[in-house]
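Note that the coordinates shown come from a computational prediction; the quantities given were computed from them, not determined experimentally.
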Amino acid sequence: MIDLHTHTTASDGTLSPTELVQAAVQANLEALAITDHDTFSGYDEAVPHALGAGLDLVCGIEMSVKLRGRSVHLLGYFVDGGTPAGFRKWISTLLESREERNRRLVEALQAQGFKISMEEVRQRAASLAGRPHFAALLVEKGYAANLQHAFDAYLGEGSACYVPRDEPGFADAVHRITSAGGIASIAHPGRISRDSKAMESCLCEMRGLGLQAIEVWHSDHSPLEMQFYEALAARLSLGVTGGSDFHGANKPGITLGKGRDGRLNVPRSVLDRLRALANGR
Ligand code: AMP
Ligand code: FE
Ligand code: FE
Ligand code: ZN
């Protein structure tokens with residue numbers, strides 16, 4: 001079993017990179033990709049620990065990108081080889097847009113009458129603050145019943161205080177990932193649309209823009225959806241990836257490797273094929 005989608009305290013997970021490596025070893029994972037939002041710092045920190053523990057650690061990243069005015073999540077793998085310096089520099093500019101969004105989000109929540117400050121949000125984040133940290137704060141202060149309620153009512157797209165971020169375009173991000181020697185996979189496509197016809201045409205469009213793989217296995221996908229995406233990837237000649245989207249306590253109910261309700265079991269061969277795809281160019 002492998003897990004190609006996880007978060008550490010470097011973004012919005014609750015396990016440190018070292019703890020996540022330990023958890024992966026304990027869970028007997030054959031490989032682990034760290035895919036923090038907009039940063040490689042968790043991966044970088046985990047590298048020596050994974051080496052020491054004999055764990056196959058994959059360099060990954062998850063980015064929010066714009067496609068037809070909507071925000072979708074893109075996973076980038078293997079951007080540690082080749083000439084990644086330019087890519088990493090570009091990633092650091094994305095962090096600035098996140099800071100700006102966070103400042104505006106605090107203002108929007110204050111305008112809603114909530115007594116919260118940027119300082120309190122930062123205290124909850126080890127480094128990079130994301131909306132899950134805002135959600136935790138809203139719950140702690142009694143403004144939301146639970147994390148999901150905080151997103152549904154105040155933080156999620158289309159909710160009361162939603163603040164859009166200045167995000168890179170889909171094609172631009174895919175191009176930068178692949179130019180750095182990486183593979184771009186669309187994260188949890190089930191969140192984009194649950195209509196199979198619309199989904200297929202959307203994936204065709206993404207493939208036309210350079211997308212190479214689909215995240216078939218994910219905690220938010222039902223068994224039927226996973227079958228659907230696996231068949232669709234084969235039909236569209238796209239690669240496949242899969243992972244739990246483990247965030248520790250920030251996404252309760254998701255187990256490393258196994259996802260929600262133990263439904264996931266991504267085989268090692270998925271990573272082997274992904275590496276072959278990356279090396280085949
Ligand atoms: P950010 O990158 O700061 O915009 O936060 C994005 C993260 O917030 C995602 O990775 C999810 O963990 C979480 N998130 C975003 N939208 C929702 C939602 N509607 N419900 C629950 N969690 C969400
Ligand atoms: Fe997240
Ligand atoms: Fe995501
Ligand atoms: Zn994720």
Side-chain angles (χ1 to χ4, degrees), residues 1-8 17 20-21 23-25 27-37 39-63 73-88 91 173-189 203 206-207 209-219 221 226 229-246 256-259 264-281:
M1 185 192 286
I2 64 170
D3 195 330
L4 298 181
H5 190 160
T6 67
H7 297 264
T8 75
L20 185 61
V21 166
V25 170
N28 276 321
L29 291 190
E30 293 163 276
L32 170 80
I34 291 180
T35 54
D36 276 315
H37 299 281
T39 179
F40 290 111
S41 69
Y43 166 78
D44 292 343
E45 197 181 321
V47 167
H49 299 283
L51 263 177
L55 176 71
D56 185 359
L57 182 69
V58 174
C59 177
I61 194 156
E62 183 173 23
M63 301 166 48
H73 289 184
L74 194 64
L75 293 161
Y77 293 106
F78 315 127
V79 270
D80 52 344
T83 50
F87 187 83
R88 286 190 173 225
I91 288 295
V174 167
H175 178 71
R176 286 176 192 265
I177 290 170
T178 52
S179 301
I183 292 279
S185 178
I186 184 75
H188 40 69
L203 284 170
M206 293 182 191
R207 186 184 59 173
L209 297 173
L211 185 77
Q212 294 146 305
I214 302 179
E215 188 175 50
V216 168
W217 302 280
H218 184 273
S219 296
H221 290 170
M226 296 193 245
Y229 286 113
E230 193 173 12
L232 195 53
R235 191 139 41 88
L236 299 179
S237 298
L238 283 163
V240 292
T241 69
S244 64
D245 211 352
F246 179 76
L256 188 61
K258 295 182 179 163
L264 298 185
N265 187 354
V266 182
R268 160 106 227 170
S269 57
V270 166
L271 178 57
D272 297 337
R273 277 184 279 151
L274 209 59
R275 283 200 167 116
L277 191 61
N279 294 329
R281 286 190 313 254

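- A distance-only check finds a donor-acceptor pair linking the side chain of R268 to the backbone of E30 [under 3.5 Å].
- Rounded to the nearest 0.5 Å, atoms OG1 (T35) and OH (Y77) are 5.5 Å apart.
- The heavy-atom pair separating S244 from L256 by the smallest distance is OG-CA, 4.2 Å.
- Checking E62 against H73 by side-chain atom types alone, a donor-acceptor pair falls below 3.5 Å.
- Residues L211 and A184 approach most closely at CD1-O, 3.5 Å, considering heavy atoms.
- Closest approach of V21 and A46 over heavy atoms only: CG2-CB, 3.8 Å.
- For the pair E215 (side chain) and G242 (backbone), a donor-acceptor distance under 3.5 Å is absent.
- Ring pair Y229/H221: centre-to-centre distance below 6.0 Å.
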Give the C-alpha distance, both sets of side-chain angles, the deciding distance and a yes or no for side-chain hydrogen bond (donor to acceptor under 3.5 Å, both in side chains) between D245 and S219.
CA-CA 7 Å; D245 211 352; S219 296; over 6 Å; no

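- Residues A24 and L55 approach most closely at CB-CD2, 3.9 Å, considering heavy atoms.
- Contact check on D3 versus K258 returns no salt bridge, with no Lys/Arg side-chain nitrogen under 4.0 Å from an Asp/Glu carboxylate oxygen.
- In this structure, the separation between OG on S185 and CG on L4 is 9.0 Å, given to the nearest 0.5 Å.
- Separation of atoms CG (L236) and CD1 (I214) is listed at 6.0 Å; rounding is to 0.5 Å.
- For H5 against A187, the heavy-atom pair with the smallest separation is CE1-CB, 4.3 Å.
- The CZ atom of F78 sits 8.0 Å away from the CG atom of N279 when rounded to the nearest 0.5 Å.
- Each of L232, V240, L238, V270 was scored for a side-chain contact (heavy atoms from CB on, under 4.5 Å) with V216, with one residue passing: V240.
- Annotation for V79 and G182: closest pair CG1-CA, 4.0 Å, computed over non-hydrogen atoms.
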